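First up is the structure itself, then whatever we jot down about it.
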2 protein chains.
Amino acid sequence: MANIKDVARYANVSVTTVSRVLNGHPYVTNEKREAVEEAMEALHYRQNMNAIHLSKGKTRLLGVVIPFVDHPYFSLLLNGMSKEALHQEHTLVLIQTNYDAMKEVEALEMLKYKQIDGLVIASRSNTWDVVEEYTAFGPIVVCEDRSSEVVSSVSIRHYDAFYEGMKHLIKKGHQKIGFCIGRKTGTNSNLRYQAYRDALHTIQATYKEDWIFTNCLSIEDGERVVEEYQSLVEKPTALLVTSDQVAAGIRMECQKRNIDVPEELAILGFDNHPLARALDLSTIELPLHEVGRKLVISALNDNETIHTQYGFSLIERGSV
Amino acid sequence: MANIKDVARYANVSVTTVSRVLNGHPYVTNEKREAVEEAMEALHYRQNMNAIHLSKGKTRLLGVVIPFVDHPYFSLLLNGMSKEALHQEHTLVLIQTNYDAMKEVEALEMLKYKQIDGLVIASRSNTWDVVEEYTAFGPIVVCEDRSSEVVSSVSIRHYDAFYEGMKHLIKKGHQKIGFCIGRKTGTNSNLRYQAYRDALHTIQATYKEDWIFTNCLSIEDGERVVEEYQSLVEKPTALLVTSDQVAAGIRMECQKRNIDVPEELAILGFDNHPLARALDLSTIELPLHEVGRKLVISALNDNETIHTQYGFSLIERGSV
DNA sequence: ATATGGTATGAAATGCGTTTCAGAGCAAGA
DNA sequence: TCTTGCTCTGAAACGCATTTCATACCATAT
């Protein structure tokens, strides 16, 4: 494979000049520039990325702190990150934490010792000041709504999204509304719970504690929800489900038990997972793929702190 | 970040000795080995991958020739490849060919000019001798059943898988069986067609031309199939569908049109895509994810030619 | 006693770009 | 005429680990 030296020799210039052409620096006469370009063409020259990054002091590694990867929310996020990482010729270093704060610190230490170029924290476990301490060592991005001077962020308006979902169900005539959620606590869960109560408040409706189904992560959980639903004396007429995977389980189980969707039970999912399309589930699309990509873009940007917020969009299908 | 020089200085040895310890070479006394290990610990030393690969002359890039990525077969394959590439700290260079032979040659030329470390051809367009010419320049792996001396291969027993599917339908009492397939021609399609006829032959059954649905790639295609199916005078009682995505479309459309599955029409899919699990579709699982990983592993192995064949497994659910 | 060969070690070359520094040429301003 | 300040160019240093080569020591084998 031809290298920069070969090109320089062929074009009768120094390697510095070739490097200048390669990097679009000024201070190269057209004459030499053209000679270099010709030489590159003739020799089938391609830059050696390893040499570039070695020279520039980059590791080409990007740390990703993530609690687990087998949940649709995180797997969609990870998909987006992978895609962008591939695009930017970076390798993701997955640090699965299971919400263990010490594991997260290990990842931060990797940044300190320059073992990674940047760090994405998909779900934070440590307190804010611990994280901020490490920003001196490289770019850090969190996936939550936080306007820090030193840490970039990419977030989704979870409150608004949930509120919008509630409004949609209410508009369709529902008053007895329940919801399914993953963790009971956590920033996002709290926001959603708040949105739930606020929305019900606008129509003076109340809710029962057992209309709130927690620990809903998988298709199986959705099936379980239907089972519990059937044993209720007073049943909700609609469910807001924070994961399409769970919504899919619910819809399938309803079919088995001859519960009419949406007449008897309306279902509104989240994420717009391919499953939702297949099962004709109405859903609120969260641009998780986009968020993932933006996380990587932000983490690879060493110059500025970026704050991005993403919206959502309601996709009406046949389950509401 | 500490480098090999720092470690050498700290341990009072030469960089060569540190490199020997790092790479497990013999000819290092225990005394020095321990000193080096201590130094690495003390200095938080991590090897710089860019320097290693630059030194070893690797690009850390792996070419992937693929006709398109939006088809479930290829996207599952690609998923597996991505995962393994990530694992092995390599970046995939996607060369989407749309079955254009010239594009494929471009990819082979990249190998020639050492722009990539190896090449995976997920679906070949050029003749065999064209491909073999390039093996001198680096490892090439194809995804088809071919026992070459110089090109590695990873394949699935498509004939057997299809035949097994037919046998299953026959065992369930079906005689009038149709099938859905992507391309009408191609190595795999031919194998499947052969298996179809061979299986029908064992029960002296015949088939109608219009029980064979071609161009079946997406959910929409599945919906189209049902439409065509309903207009048939003599209808098959079972369909073997070479993609779960299509099978999902069929099942959903059947539901809309009140065609009972499996009583009126049995459906047996392929791939064991998550969709199949969600829609309770019987399917023949092809280990595409594993195949993808093995493709990458084989392509990154420069020393030997590897031939791997994968089987399949029938997953019985409620659609047959 | 001498040749032979394995063990152990380090200096230096190598892979390939980027970046710093020094200097030459030239035009505008003092 | 003499600065001052671009514009343009290339030599050399640098980033980090691997690998080749040279050398020295020690133990067998002859």
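No experiment lies behind these values; they were computed from the predicted model shown. Letters go in sequence order (proteins before strands), and every chain restarts at 1.
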(request) Please name the pair of heavy atoms, one in A:Leu111 and one in A:Pro139, separated by the smallest distance, quoted to 0.1 Å. (result) CD2-O, 4.3 Å
(request) Have a look at B:Val18 and say if it touches a base, only the backbone sugar-phosphate, or nothing, with a 4.0 Å heavy-atom cut-off. (result) nothing
(request) Would you check if the side chain of A:Asp117 reaches a backbone N or O of A:Lys58 as a donor-acceptor pair within less than 3.5 Å? (result) no
(message) Can a donor-acceptor pair be found, under 3.5 Å and without considering hydrogens, that links the side chain of A:Gln309 to the backbone of A:Ser155?
(response) no
(message) Within the structure provided, determine whether A:Met81 and A:Leu92 are in side-chain contact (heavy-atom separation under 4.5 Å).
(response) yes
(message) Taking B:Arg124 first and then B:Glu104, would you say they form a salt bridge - that is, a charged N and a carboxylate O separated by under 4.0 Å?
(response) no
(request) Give the nucleotide from the list C:dG10, C:dT20, D:dT19 with an atom nearest to the side chain of A:Arg20. (result) C:dT20
Distance-only donor-acceptor hits, side chain of residues 287-296 of chain A, under 3.5 Å, sequence neighbours excluded:
from     : atom 1 : to      : atom 2 : distance (Å)
A:Arg293 : NE     : A:Glu84 : OE1    : 2.9
A:Arg293 : NH2    : A:Glu84 : OE1    : 2.8

(request) Answer yes or no: does a side-chain N or O of B:Thr16 lie under 4.0 Å from OP1 or OP2 of C:dT9? (result) no
(message) In whole Å, I'd like the distance from the NZ atom of B:Lys114 to the C1' atom of C:dG15.
(response) 14 Å
(request) Rounded to the nearest angstrom, tell me the gap between atom NE2 in B:His25 and atom C1' in C:dG10. (result) 15 Å
(message) Can you pull out every ring-ring contact (aromatic ring centres under 6.0 Å, His included) where at least one residue sits in residues 28-53 of chain A? Sequence neighbours excluded, please.
(response) A:His44-B:Tyr113
(request) With sequence neighbours excluded, tell me which residues meet salt bridge (charged side-chain N to carboxylate O under 4.0 Å, His left out) with A:Arg9. (result) A:Asp6
(request) Check whether any side-chain nitrogen or oxygen of B:Ser14 sits under 4.0 Å from OP1 or OP2 of C:dG10, and answer yes or no. (result) yes
(message) Rounding to an integer number of Å, can you tell me how far B:His53 NE2 sits from C:dT14 C1'?
(response) 17 Å
(request) Just do the side-chain contact (heavy atoms from CB on, under 4.5 Å) check on A:Met49 and B:Thr91 with the steps written out, would you? (result) CA-CA 11 Å; A:Met49 283 306 176; B:Thr91 298; over 6 Å; no
Between protein and nucleic acid, restricted to nucleotides 13-17 of chain D and to nitrogen or oxygen atoms under 3.5 Å apart, what atom pairs and distances do you find?
from   : atom 1 : to      : atom 2 : distance (Å)
D:dC16 : OP2    : B:Asn3  : ND2    : 3.0
D:dA17 : OP1    : B:Tyr45 : OH     : 2.6
D:dA17 : OP1    : B:Asn48 : N      : 3.1
D:dA17 : OP2    : B:Ile4  : N      : 2.4
D:dA17 : O5'    : B:Tyr45 : OH     : 3.3

(message) Over the length of the helix from C:dA1-D:dT30 to C:dA30-D:dT1, how much do the five-pair end axes diverge, rounded to 10 degrees?
(response) 50°
(request) Check the distance between C:dT20's C1' and A:Lys56's NZ and give it to me in whole angstrom. (result) 15 Å
Could you write out each protein N or O paired with an N or O of nucleotides 5-8 of chain C at a distance under 3.5 Å?
from  : atom 1 : to      : atom 2 : distance (Å)
C:dT7 : OP2    : B:Tyr27 : OH     : 2.8

(message) Under the criterion side chain to side chain donor-acceptor pair (under 3.5 Å), I'd like the reasoning laid out for B:Ser153 against B:His307: C-alpha separation, chi angles, the key distance, then a yes or no.
(response) CA-CA 5 Å; B:Ser153 74; B:His307 295 285; 2.8 Å; yes
(message) Determine whether a donor-acceptor pair (N or O, by modelled atom type, separation under 3.5 Å) exists between the side chain of B:Asn98 and the backbone of B:Asp100.
(response) no
(request) Would you mind reading off the distance between A:Arg9 atom CZ and D:dT9 atom P, rounded to a whole angstrom? (result) 20 Å
